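Written below as structure tokens is the structure these notes are about.
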Amino acid sequence: MLANEQVVDGRCWRCDTPVERREIPQWFLRITAYADELLAGLDRLPGWPERVLTMQRNWIGRSEGAEIQFAVDGREPLRVFTTRADTLMGVTYLAIAAEHPLALAAAASRPDLARFVEESRIAQTAEAALESMDKRGVDTGLCARHPLTGEPIPVFAANFVLMAYGEGAVMAVPAHDERDHAFARRYGLPMRVVVVPDGYAGTPADLVREAAYTEPGLLVQSGEFDGLPSAVARERIIAALAARGAGAPRTHYRLRDWGVSRQRYWGAPIPIINCARCGAVPVPDADLPVVLPEDVVPTASGSPLKLRPDFLAVTCPCCGQAAQRETDTFDTFMESSWYYARYCSKDNQQAMLDERAAYWLPVDQYIGGIEHAILHLLYARFFNRLLRDEGLVAADEPFTRLLTQGMVLKDGSKMSKSKGNTVDPQEIVSTYGADTARLFMMFAAPPEQSLEWSDKAVAGAHRFLARLWALGRAVGALERHGEAQGAGRTVRREIHKLVDQAVRDYERYHFNTVIASCMSLVNVLQKTAEEAAAEPSAGPLVWEGFSILLRLLAPIVPHITHALWRDLGMGEGPIIDAPWPAADPAALRQDEITIVVQVNGRRRSEITVPASATSADVEAAALADAGVQRHLDGQPPRKVVVVPGRLINIVR
RNA sequence: GCGAAAGUGGCGGAAUUGGUAGACGCGCUGGAUUUAGGUUCCAGUGGGGUAACCCGUGGGGGUUCGAGUCCCCCCCUUCGCACCA
């Protein structure tokens, strides 16, 4: 029993044994019953990254179309799903999975088909493999009937149709589908053009000589539907099928049910008892949880639980007769789908969850790698709804905000134990302290991006903290009380601009630029503190700025900021209880602003104008500028674009 | 193959909304301090050019007064593709 990733070139990755697929009974959770709700719920997750929402939408893959029945001579009818009912009159063959009951039956009398079915058992089924492999097929000899015309249609067994997907059968329209087109060319199957672009003047056959025409258009060669646009034709054709009991509108999802069975020892046992008389019976609540035996001996193949009579043998809770315990264990995604809820009720031995879960959930901020964008996060959203429907939690969604953090890279590749290129944060903590470790990691990149490890940059982070500490000492020696005046106003504006930027960057989780602003703040305060020797009134300004700086940095480097705050007596209590800083709007006001001057979109100069200057004032000042006049070369501007408060562009 | 992201100096990265590309830091160069190394401090640092300027955000087109940002095509890297979890 191997996982997909353990199969390399159709063989076991360890022992090279050829691998084949076998059908075994397994347990599934019907996530598809929640497909619509899971899809709709994505619109109510503004705190999730757009790309994760998009990936989940595509994964669920809702599509509207029709289910169509094709009668098969002497057999059960075939059912297919299509989104292109408008191309129904262009169907020239049907393709079914090699494992399809009809294919298996037909193989009995057709050796080439039997061989194909046999070969397909060793084929890979991973979607990636399926989509990139050579599309092949074999005629089953079966004859299907077109549901509207009754024309005979050949049925092929094809390696790109899987029994597990949809109905295990598809209708093929080579003129209007790329894959069908390639397949038809390969096997010399006919093509029938039934849709052409509006105003198309050529012959139908010419339209698809090189490639399929996959766009919608107007119907041709489709009898009573000729001339209809695709969208209308779809409805009419589905209606015509419905009238004959051969089809109906249907919504299809790409999402498949969640296979939770694993034929392994390690995992939570699936709590089911298999009884010869009563079938699959749930383990009674009183007997839960089912506990794994801890003294199993690993076997070469198959679950070791199958060799444990003490685990296997149970009496059926329904009929009291001897029965067997299920030996499949759960996919580990099962547990990761609700651990966040269990954390709220971790010590409850009587129930999964209690009212504390309802109180705390949903999780305000969830953090995980982008590799979990689809499976884990979709399973957890599904599981949360199961919990909700059982009355165990109140909210629909488990995670209000989601941050997908990047990986840590070293020398350009993923840091991992198996590669042996890990860095122990404890080393940094021992050498430089925890604040340095935290500062470096937050400064290297925004959290959702991957982070490139650099020992040099770690040292740089430590250097910054040393400067911060030295600045703190200098601040302590300055006059604390009084009011900033004179040149202090410009400095104060500079400080509050940085504060404004930092606070906003915190809100969008750009911690690296928060730190950049704080570094600039240190630079400004350091310079101002030096100047305070000559200009004592600068003291209070430095105190103000340093107080804000410490509070901005406290979430990132809590230890050093705590100590400086306490030593300087910055506030009544510890820094952790201090109010969150905000920029003073009064400090941000400017009397004069600098406007960038462009000529033909290139920066040529800049001018300083009163903040109250109108567009006309700005234009006049810009045109008078020497640099502008040189570039205008005496000619009048053809056009002038003024972006208020920012720039002016003069086009000559 | 399909879906989703990313590509900016020597390096990590910055650029709220289409409006000064390269903030901040690392590294490097020069200088000061030091017996020396390290530390610290000062100055410089995208490329070309004496300069005026020109060129520059993976490549090629396009829209626009103006494009790293929007549109089309291509290249490359990463993540996911349902049994790795």
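These figures come from a predicted structure and were not determined experimentally. Residue numbers begin at 1 in each chain, while the letters A, B, ... track the order of the sequences.
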TODO: May I ask you to check whether A:Y432 and A:F440 place their ring centres under 6.0 Å from each other?
DONE: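 No: the rings miss the under 6.0 Å criterion.
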
Open item on the list: Can you confirm if the aromatic rings of A:F464 and A:F443 lie within a centre distance of less than 6.0 Å?
Closed with: no

What interatomic distance, in whole Å, is found between [atom1] of [M] and the corresponding atom of [N]?
N	M	atom1	answer
B:G80	B:C71	C1'	27 Å
B:A82	B:G27	P	45 Å
B:U39	B:C26	P	12 Å
B:C2	B:C75	P	11 Å
B:G7	B:G12	P	12 Å
B:G18	B:G66	C1'	8 Å
B:A36	B:U57	C1'	45 Å
B:G58	B:C24	C1'	25 Å

Say whether, by atom type as modelled, one donor and one acceptor occur between the side chain of [X] and the main chain of [Y] under 3.5 angstrom.
X	Y	value
A:R401	A:G47	no
A:K639	A:P637	no
A:D177	A:R179	yes
A:N159	A:D134	yes
A:S261	A:W27	yes
A:T436	A:A461	no
A:R438	A:P555	yes

Need one value for [X]: base, sugar-phosphate or nothing, where a base atom within 4.0 Å counts as base even if backbone is also close, heavy atoms only.
X	result
A:Q26	base
A:W258	nothing
A:L130	nothing
A:S261	base
A:H376	nothing
A:G61	nothing
A:M1	base
A:A128	base

Between [X] ([atom1]) and [N] ([atom2]), how many Å, whole number?
X	N	atom1	atom2	value
A:E530	B:U40	CD	P	15 Å
A:Y432	B:U39	OH	C1'	12 Å
A:Q449	B:C79	CD	P	15 Å
A:L375	B:A82	CG	C1'	5 Å
A:H181	B:G1	NE2	C1'	18 Å
A:E5	B:A82	CD	C1'	13 Å
A:R254	B:C2	CZ	C1'	8 Å
A:N58	B:A5	CG	C1'	13 Å

Please list, pair by pair, any protein nitrogen or oxygen found under 3.5 Å from a nitrogen or oxygen in nucleotides 52-57 of chain B.
{"residue": "B:C53", "atom": "OP1", "partner": "A:R630", "partner atom": "NH2", "Å": "2.3"}
{"residue": "B:C54", "atom": "OP1", "partner": "A:R604", "partner atom": "NH2", "Å": "3.0"}
{"residue": "B:C54", "atom": "OP2", "partner": "A:R604", "partner atom": "NH1", "Å": "3.1"}
{"residue": "B:C55", "atom": "OP2", "partner": "A:R602", "partner atom": "NH1", "Å": "3.0"}
{"residue": "B:C55", "atom": "OP2", "partner": "A:R602", "partner atom": "NH2", "Å": "3.1"}

Open item on the list: For A:Y379, run the ring pair (Phe, Tyr, Trp, His ring centres under 6.0 Å) check against A:F333, A:Y34, A:W59 and tell me which one passes.
Closed with: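 In the set A:F333, A:Y34, A:W59, the residue that makes a ring pair (Phe, Tyr, Trp, His ring centres under 6.0 Å) with A:Y379 is A:F333.
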
Open item on the list: Can you tell me which nucleotide in B:A4, B:C81, B:C83 comes closest to the side chain of A:E127?
Closed with: B:C81

Task: A:P446, nearest nucleotide to its side chain (from B:G1, B:G13, B:G80) - done: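 Of the candidates, B:G13 comes closest.
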
Open item on the list: Once rounded to the nearest 0.5 Å, what's the spacing between atom OG1 of A:T32 and atom CH2 of A:W258?
Closed with: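 One finds 13.0 Å between OG1 of A:T32 and CH2 of A:W258.
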
TODO: Please check if any side-chain donor atom of A:T614 sits under 3.5 Å from a side-chain acceptor atom of A:D617, or the reverse.
DONE: yes

Task: A:Q56 side chain to A:W48 side chain, donor-acceptor N/O pair below 3.5 angstrom - done: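 A:W48 and A:Q56 do not have a side-chain donor-acceptor pair below 3.5 Å.
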
Open item on the list: So for A:Q263 and B:C83, does any side-chain atom that can act as donor or acceptor lie under 3.5 Å from a complementary atom in the base?
Closed with: yes

TODO: Please confirm whether any donor atom in the side chain of A:R638 sits under 3.5 Å from an acceptor in the base of B:C65, or the reverse.
DONE: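 By the distance-only test, no, there is no pair.
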
Could you tell me the Watson-Crick or G-U partner of [N], where both distances fall under 3.5 Å? Say none if there is no partner.
N	answer
B:G18	none
B:C53	B:G48
B:A32	B:U40
B:A4	B:U78
B:G12	B:C24

TODO: List the protein contact pattern of nucleotides 16-26 of chain B with one symbol per nucleotide (5' to 3'): B for base contact, S for sugar-phosphate-only contact, - for none; contact means a heavy-atom distance under 4.0 Å.
DONE: B--BB--BBSS

Open item on the list: Is B:G62 syn or anti, taking syn as a glycosidic angle within 90° of 0?
Closed with: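 Chi for B:G62 falls in the anti range.
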
Open item on the list: Counting only side-chain nitrogens and oxygens, does A:R262 get under 4.0 Å of the OP1 or OP2 atom of B:C83?
Closed with: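 For A:R262, the contact criterion (side-chain N or O under 4.0 Å from OP1 or OP2 of B:C83) is met.
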
Open item on the list: For A:R51 and A:V651, find the nucleotide of RNA chain B closest to each by heavy atoms; which residue's nucleotide sits nearer the 5' end?
Closed with: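 Its nearest nucleotide lies further toward 5', so the answer is A:R51.
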
